[in-house]
Amino acid sequence: MPPYDPSAFPPFAVTVDLVVLTVRKHALCALAVRRGESPFQGRWALPGGFVRADEDLETAAARELAEETGLHAHGPAGPQPVPGAHLEQLATYGDPKRDPRMRVVSVAHLVLAPDLPAPRAGGDAHSARWAPVDTLLEQENGLVRDGEQAAPLAFDHARILGDGVERARSKIEYSSLATAFCPQEFTVGELRRVYEAVWGVALDPRNFHRKVTGTPGFLVPTGGTTTRQGGRPAQLFRAGGATLLNPPMLRPEV
């Protein structure tokens, strides 16, 4: 067997791209940055960047997340006791022509966090915004808004965004991941609005309350109440220790 020759294989770069999802004004939103450099200068894209030589993938993703949002990431093991953002690896994208500069393989990560403040731009991005995911994906389909056809997301980021949204929509059916969109203490109504925003459907409040409070390990009462949603005081909960829901919260047919 001939010796391994590294020069026989062309080098390529590795990037991390982030699908950062939050719920703002009862809508599922993603973080988008406007590119300040070529390629695709001026187009909206997902945040991300090149993996440094001394970084592993999770470290690179956490660094990019901190640079773009100021959030500290924790892993996919389940609800965490400190504020932060849920971070998990989503998928790998390696089309040889996905980046016109050179061969670039992207390892995308999914990030979920409670209602986040206005983002700040960093790196090669000169502006950033939260945008409803439906709006960003409609742009990819060439829909016209206000008489103008919006430019699709740069690179293959519409595909990555779509995959991230579907991962979130499917995973909250059988895991406690929906609580990652909530503050540390939340009401059942606030959790229901997360499901409604992620799934894009209206849910019956009484049935939802019965399901989530009857699922072992899903929610734990804190003993407190709040009137922040108006009306009568509502009981506060925190995420329980369960990572898998049995029975699952099945997504309604739409």
Side-chain angles (χ1 to χ4, degrees), residues 16-34 44-49 58 61-80 83-93 106-122 125 128-140 152-184 186 190-201 203 239 243 249 251 254:
V16 288
D17 286 311
L18 304 178
V19 179
V20 185
L21 301 179
T22 193
V23 175
R24 292 171 60 86
K25 299 180 180 179
H26 308 308
L28 183 63
C29 295
L31 181 62
V33 297
R34 191 185 294 276
W44 292 98
L46 298 176
E58 186 172 350
R63 172 181 54 79
E64 288 289 343
L65 177 65
E67 291 175 358
E68 297 289 353
T69 68
L71 286 171
H72 296 287
H74 51 63
Q80 302 291 323
H86 171 92
L87 173 69
E88 66 177 73
Q89 195 171 123
L90 174 63
T92 303
Y93 301 84
S106 177
V107 182
H109 288 71
L110 178 65
V111 181
L112 308 179
D115 185 21
L116 297 174
R120 64 174 187 266
R129 63 168 178 151
W130 291 108
V133 296
D134 290 342
T135 299
L136 293 173
L137 295 176
E138 282 175 0
Q139 291 176 190
E140 178 65 16
L153 292 173
F155 304 104
D156 52 358
H157 288 184
R159 177 188 174 192
I160 297 174
L161 174 61
D163 290 347
V165 169
E166 182 53 36
R167 166 76 68 86
R169 286 174 174 166
S170 62
K171 199 164 182 177
I172 65 172
E173 291 185 316
Y174 61 87
S175 79
S176 59
L177 194 62
T179 60
F181 287 105
C182 296
Q184 283 186 284
F186 51 88
E190 289 169 337
L191 181 62
R192 187 188 77 249
R193 282 184 280 276
V194 166
Y195 275 88
E196 290 177 333
V198 175
W199 283 343
V201 298
L203 300 174
T243 55
M249 293 282 296
R251 192 183 339 180
V254 294

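Computed from a prediction, not measured in an experiment: that's the story for all the values here.
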Legend entry - Residue of the set Leu65, Leu87, Leu46 for which side chain to side chain contact (heavy atoms under 4.5 Å, CB included) holds with His109: Leu87
Inset, instruction - May I ask you to test the Arg251-Arg169 pair for a side-chain heavy-atom distance under 4.5 Å? - result: yes
Inset, instruction - Please work out which of the three classes, parallel, tilted or perpendicular, describes the rings of Phe155 and His157, given edges at 30° and 60°. - result: tilted
Inset, instruction - Would you please say whether a donor-acceptor pair under 3.5 Å links the side chains of Asp17 and Tyr93? - result: no
Legend entry - Minimal non-hydrogen separation, Trp130 against Val20, with atom names: CZ3-O, 3.5 Å
Legend entry - Over all atoms of both residues, closest heavy-atom pair of Ala113 and Thr22: O-OG1, 2.9 Å
Legend entry - Which atom of Leu136 lies closest to which atom of Arg129, heavy atoms considered: CD2-NH2, 3.9 Å
Inset, instruction - For the pair Phe181 and Leu28, evaluate side-chain contact (heavy atoms from CB on, under 4.5 Å) and give the outcome as yes or no after the intermediate values. - result: CA-CA 10 Å; Phe181 287 105; Leu28 183 63; 4.1 Å; yes
Inset, instruction - Supply the atom-to-atom distance Glu173 CD to Trp199 CH2, rounded to the nearest 0.5 angstrom. - result: 5.5 Å
Legend entry - Nearest heavy-atom neighbours spanning Ala168 and Leu21: CB-CD1, 4.0 Å
Inset, instruction - Nearest 0.5 Å please: distance from the CD atom of Glu190 over to the NE2 atom of His26. - result: 9.5 Å
Inset, instruction - Drop me the distance from Leu191's CG to Met249's CE, to the nearest 0.5 angstrom. - result: 7.5 Å
Inset, instruction - Specify the closest pair of heavy atoms between Gly48 and Glu64, including all atoms of both residues, with the distance to one decimal. - result: O-OE1, 3.3 Å
Inset, instruction - Taking the side chain as every heavy atom from C-beta outward, state whether His86 and Leu177 have any pair of such atoms under 4.5 Å apart. - result: yes
Legend entry - Interatomic distance, Asp156 atom CG to Leu161 atom CG [nearest 0.5 angstrom]: 11.5 Å
Inset, instruction - In sequence, state the C-alpha distance, the side-chain angles, and the governing distance for Arg167 and Leu90, and then conclude on side-chain contact (heavy atoms from CB on, under 4.5 Å). - result: CA-CA 8 Å; Arg167 166 76 68 86; Leu90 174 63; 3.8 Å; yes
Legend entry - Over all atoms of both residues, closest heavy-atom pair of Ala178 and Tyr195: CB-CE1, 3.4 Å
Inset, instruction - Rounded to the nearest 0.5 Å, what's the gap from CD on Glu166 to CG on Leu110? Could you check? - result: 11.5 Å
Inset, instruction - Could you check if a side-chain atom of Leu31 sits within less than 4.5 angstrom of a side-chain atom of Leu18, using non-hydrogen atoms only? - result: no
